[in-house]
Amino acid sequence: QVQLVESGGGLVQPGGSLRLSCAASGGFTLRAYSIGWFRQAPGKEREGVSCISMSSDDTTAYADSVKGRFTIPRDNAKNTVYLQMNSLKPEDTAVYYCAARKSAFRYSRPSSCTGDYDYWGQGTQVTVSS
């Protein structure tokens, strides 16, 4: 059974860093999918944070609110996609989810992360507070 599992969330002070991991199991190779990171804060709609394409050039895209602070590297050997979050702000507090879909994108713009995804993880809580 295909599963995506997020980990790495926790409590961090403003200005700090966290690295979230999205790992796959069930014979599921993340390299063959475009991966998106999303977040949902209490009382707010889910929003796309970042995504990385399944294309060979690993095109990435970021929401304007995280550009320059977050990156989305892949580790194919570990079958894992990360969300490296630096310079965290209280408004980054949310449950973070990773998702996978079998379609590539070409443009590094926030809208590239929208659309339907085939698989979702269960989420990991990130709290940024002093």
Side-chain angles (χ1 to χ4, degrees):
Q1 184 177 356
V2 171
Q3 279 191 315
L4 296 178
V5 179
E6 302 95 336
S7 61
L11 173 64
V12 63
Q13 292 188 339
S17 297
L18 278 177
R19 188 178 75 165
L20 305 184
S21 299
C22 176
S25 62
F28 190 79
T29 303
L30 288 184
R31 186 61 187 89
Y33 292 79
S34 294
I35 305 300
W37 281 99
F38 297 81
R39 67 186 181 188
Q40 187 164 22
K44 295 188 176 182
E45 292 187 355
R46 187 177 64 200
E47 64 170 336
V49 175
S50 180
C51 54
I52 183 167
S53 179
M54 59 184 284
S55 57
S56 59
D57 60 358
D58 278 344
T59 302
T60 58
Y62 299 91
D64 291 340
S65 58
V66 306
K67 197 171 295 183
R69 299 189 297 124
F70 291 10
T71 58
I72 184 170
R74 285 185 187 270
D75 187 331
N76 295 328
K78 295 183 178 180
N79 202 24
T80 300
V81 174
Y82 302 99
L83 184 67
Q84 178 66 47
M85 305 186 296
N86 301 324
S87 303
L88 282 162
K89 305 175 181 180
E91 51 264 43
D92 294 318
T93 295
V95 178
Y96 283 71
Y97 302 87
C98 68
R101 66 182 179 190
K102 198 77 169 173
S103 61
F105 61 87
R106 296 174 58 188
Y107 302 109
S108 296
R109 54 194 183 200
S111 60
S112 292
C113 302
T114 59
D116 293 330
Y117 284 75
D118 302 308
Y119 304 101
W120 289 84
Q122 83 291 347
T124 185
Q125 175 71 47
V126 171
T127 302
V128 184
S129 175
S130 55

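Note that the coordinates shown come from a computational prediction; the quantities given were computed from them, not determined experimentally.
Ring geometry, Phe28 versus Tyr119: the interplanar angle exceeds 60°, so the pair is classed perpendicular (tilted spans 30 to 60°). Ring planes of Tyr96 and Phe70: tilted class, angle from 30 to 60°.
Ala61 and Arg109 get closest at one heavy-atom pair: CB-O, 3.3 Å. Looking at every heavy atom in both residues, Leu4 comes nearest to Ala24 through CD2-CB, 4.1 Å. The two residues Gln125 and Ala94 have their closest heavy-atom pair at NE2-O, 3.4 Å. Nearest heavy-atom pair, Val128 versus Lys89, reported as atom, atom and distance to 0.1 Å: CB-O, 3.2 Å. The nearest pair of heavy atoms linking Arg101 to Asp118 is CA-OD2, 3.4 Å. Between Ser21 and Thr80, the shortest heavy-atom contact is CB-CG2, 4.0 Å.
How far OH of Tyr82 is from OG of Ser50: 15.0 Å, rounded to the nearest 0.5 Å. The SG atom of Cys113 lies 11.5 Å from the CD1 atom of Ile35; values are rounded to the nearest 0.5 Å. In this structure, CG on Leu18 lies 5.5 Å from CG on Leu88, to the nearest 0.5 angstrom. For the atom pair OG1 of Thr60 and CD1 of Ile52, the computed distance is 6.5 Å after rounding to the nearest 0.5 Å. Atom OG of Ser87 is separated from atom CZ of Arg69 by 7.0 Å, given to the nearest 0.5 angstrom. Annotation: the span from Arg74 atom CZ to Asn79 atom CG amounts to 9.5 Å, rounded to 0.5 Å.
Linking ILVMFWY residues whenever their side-chain heavy atoms come closer than 4.5 Å, directly or via other members, leaves Tyr97 and Ile72 in distinct clusters. Met54 is not connected to Phe105 by any chain of hydrophobic side-chain contacts under 4.5 Å among Ile, Leu, Val, Met, Phe, Trp and Tyr, and they are in different clusters. Phe38 is not connected to Tyr33 by any chain of hydrophobic side-chain contacts under 4.5 Å among Ile, Leu, Val, Met, Phe, Trp and Tyr, and they are in different clusters. Clustering ILVMFWY residues whenever any of their side-chain heavy atoms sit less than 4.5 angstrom apart, transitively, puts Val66 in a cluster other than the one holding Val95. If you chain together hydrophobic residues whose side chains sit under 4.5 Å apart, Leu20 and Tyr117 never meet in one group.
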Intermediate values then yes/no, side-chain contact (heavy atoms from CB on, under 4.5 Å), Arg19 and Thr71: CA-CA 10 Å; Arg19 188 178 75 165; Thr71 58; over 6 Å; no
Step-by-step side-chain contact (heavy atoms from CB on, under 4.5 Å) determination, Val126 to Met85: CA-CA 10 Å; Val126 171; Met85 305 186 296; 3.9 Å; yes
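The closest donor-acceptor contact from the side chain of Ser53 to the backbone of Thr59 lies at 3.5 Å or more, if one exists at all. Remark: side-chain polar atoms of Glu6 are paired, donor with acceptor, to backbone N or O of Gln122 under 3.5 angstrom. Within the 3.5 Å criterion, the main-chain N or O of Ser7 finds no donor-acceptor partner in the side chain of Thr124.
Leu11 places a side-chain heavy atom less than 4.5 Å from the side chain of Ser129.
Using a 4.0 Å cut-off between a side-chain N of Lys or Arg and a carboxylate O of Asp or Glu, Asp57 and Arg106 do not qualify as a salt bridge. Salt bridge annotation for Asp64-Lys67: present, with a cationic side-chain nitrogen under 4.0 angstrom from a carboxylate oxygen.
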